[in-house]
There are 2 protein chains.
Amino acid sequence: MSRARQTVTLTADLVVLTIREGTLRALVVERGNEPFAGKLALPGGFLRGEESLDETAARELAEETGLSAEKLHLRQVGVYSAPDRDPRRPRVVTCAYLAIAPNLPLPTAGSDARSAHWLPVDLLQRSGLAFDHDDILRDALELARAELQFRTIATAFCGEEFTIGELREVYEVIWGVRLDKPNFHRKVTEAAGFVVRTGGKRPTANGRPAALYRAGAADTLTPPMMRPRPVEA
Amino acid sequence: MSRARQTVTLTADLVVLTIREGTLRALVVERGNEPFAGKLALPGGFLRGEESLDETAARELAEETGLSAEKLHLRQVGVYSAPDRDPRRPRVVTCAYLAIAPNLPLPTAGSDARSAHWLPVDLLQRSGLAFDHDDILRDALELARAELQFRTIATAFCGEEFTIGELREVYEVIWGVRLDKPNFHRKVTEAAGFVVRTGGKRPTANGRPAALYRAGAADTLTPPMMRPRPVEA
DNA sequence: GCAATAGTGTCTCTAAGACAGTATCAC
DNA sequence: GTGATACTGTCTTAGAGACACTATTGC
């Protein structure tokens, strides 16, 4: 039993998602040191003295994006503890977190903005990330897609004020589907506490201006937003 | 930054649920040592040398129940890492797992069956558990209730063969509701891959014998089982 | 026969999806 | 006016829920 109470090092890794230029993007940093020097990785950091992992994640999020964890729906994705997941040292275990950001003015405004970029997730999934971050990204995306159905987190991708069309784009980009505009409009405006009219309007390039909304008080979305089932072969 | 790479001890704690005598029960052990000596706690154990936390949980599950993790739907609930959650030592962080067991022949058949009991969860929630296990139990129950809606895990509470009435009891006990028998019957028998008729019958105490089913191949339940929304005030 | 539980038929109603039609802008 | 986008109305249909009804056992 000498190894029964092994000690490990803990980190919190972040999957921060946003939508920019019509594509779903995640915040990644370019690694400066070995291992995986030069490769892209999810931002993250070590657990410190008197904080919980949730607090570690919130602190890292603030450092990377300059945003508080309050409005970003920070949620645990899972724990990744394969013995060989970090070649540096035995046993670095990480807890992955999902955060959702609106389209930020700057790529990264934080103090620790070494080489952070918002890159499309499909690009990241094709090119591959350091460590087991491919697994983490996949699981975080799956969680985000599921949460869109039952919770009101889609508004977190939008700014303070947004149009129904922008909200619909969130669903379409993350689910990779096309949704019926009229039905979507009725659905979200009738769901209790999802969106609230501000009274303002936003001119469009070439059409009728869209009414502006802000996020409502509700946390869960009832009835849920139906996700079109993928077409079968 | 001297404390930046603090090391911690990791454990995996288990919420093993089953249904017995019409009540939802969880496996708990009576603690022999301080802290919390004499109090009830969730079973769990320390991460060992070359295993992942998932493997730690599976190993503990086998030790406590004698069952393999294969069929028990072992799933991560979350990480609990408050700095003061374990008064023994600085920083014992745990990852909680949910497992679902059929009505086992023995309370605990494993080798490490010190003082394990299947106790009703409402009793545990009233009397309180050691450490932060009240939080863990609450979160695990919430996860189990949610999974019942969208996945076919309800069959894991039943034995190899079961009747539709037994399956309905699973939903009724865990959700704490009454479900319409005819509608439930049609729903589960028509959901693709949820249950499969074996051809056998089980005599009842006083009525028509019930047809026997076994778990189907499907993992997700489409369409989902609707959960009656709690009555409002 | 009666009591009890298993299972079926059928109706109603909500809500999702399809899509025609109307409103409000730029030009 | 045309073209474009926002939004509304309405029909169809799938499925949840209510519940009457039939089936199969023990007594």
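Lettering follows sequence order; numbering is per chain, from 1. This is a predicted model, so every value here is computed, not measured.
Using a 4.0 Å heavy-atom distance criterion, B:Pro182 is classed as a base contact. Residue B:Pro203 is classed as having no contact, given no heavy-atom separation below 4.0 Å to the nucleic acid.
Remark: the B:Asn183 side chain and the D:dA18 base include a donor-acceptor N/O pair separated by less than 3.5 Å.
Residues A:Tyr213 and A:Thr198 come closest through the heavy atom pair C-CG2, 3.8 Å.
In this structure a side-chain-to-backbone donor-acceptor pair under 3.5 Å is present from A:Thr94 to A:Thr11.
Taken residue by residue, residues 144-158 of chain A places no heavy atom nearer than 4.0 Å to DNA chain D. Sorted by residue number, the members of residues 184-200 of chain A with any non-hydrogen atom under 4.0 Å from DNA chain D read A:His185, A:Arg186.
Every residue two or more places apart in sequence or in another chain that forms a side-chain contact (heavy atoms from CB on, under 4.5 Å) with A:Asp219 is listed here: A:Arg151. With sequence neighbours left out, B:Glu160 forms a salt bridge (charged side-chain N to carboxylate O under 4.0 Å, His left out) with no residue at all.
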Going by atom type alone, with no hydrogens or angles, which donor-acceptor pairs under 3.5 Å involve a side-chain atom of residues 124-134 of chain B and a protein atom two or more places apart or on another chain?
from	atom 1	to	atom 2	distance (Å)
B:Ser127	OG	B:Leu123	O	3.1
B:Asp132	OD1	B:Arg85	NE	3.4
B:Asp132	OD1	B:Arg85	NH2	2.9
B:Asp132	OD2	B:Arg85	NE	2.7
B:His133	ND1	B:Leu42	N	3.0
B:His133	NE2	B:Asp13	OD2	3.3
B:Asp134	OD1	B:Leu129	N	2.9
B:Asp134	OD2	B:Leu129	N	3.4

- Task: For A:Arg75 and A:Glu147, run salt bridge (Lys or Arg N to Asp or Glu O under 4.0 Å): C-alpha distance rounded to whole Å, both residues' side-chain angles, the deciding distance at 0.1 Å, then the answer.
- Result: CA-CA 11 Å; A:Arg75 283 178 84 79; A:Glu147 297 240 287; 2.8 Å; yes

- Message: Could you go through B:Thr23 and B:Arg25, starting from their C-alpha distance and side-chain angles, then the distance that decides it, and tell me whether this counts as side chain to side chain donor-acceptor pair (under 3.5 Å)?
- Response: CA-CA 6 Å; B:Thr23 62; B:Arg25 291 159 185 257; 2.9 Å; yes

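Close placement of the A:Tyr171 and A:Phe184 rings is indicated, their centers lying within 6.0 Å of each other.
With rounding to whole Å, A:Arg178 atom CZ is found 20 Å from C:dA16 atom P. Taking atom CZ on B:Arg202 and atom C1' on C:dG7, their separation rounds to 17 Å, with Å as the unit. Here the C1' atom of nucleotide C:dA16 and the CE atom of B:Met226 are 12 Å apart, to the nearest Å. Summarising the geometry, the separation between CG on B:Leu167 and C1' on C:dG7 is reported as 15 Å, rounded to the nearest angstrom.
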- Quick one: what's the B/S/- string for nucleotides 22-27 of chain D, heavy-atom cutoff under 4.0 Å, read 5' to 3'? -BBB--

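In terms of position along DNA chain D, the nucleotide closest to B:Pro223 lies nearer the 5' end than the nucleotide closest to the other residue of the pair B:Pro223 and B:Asp180.
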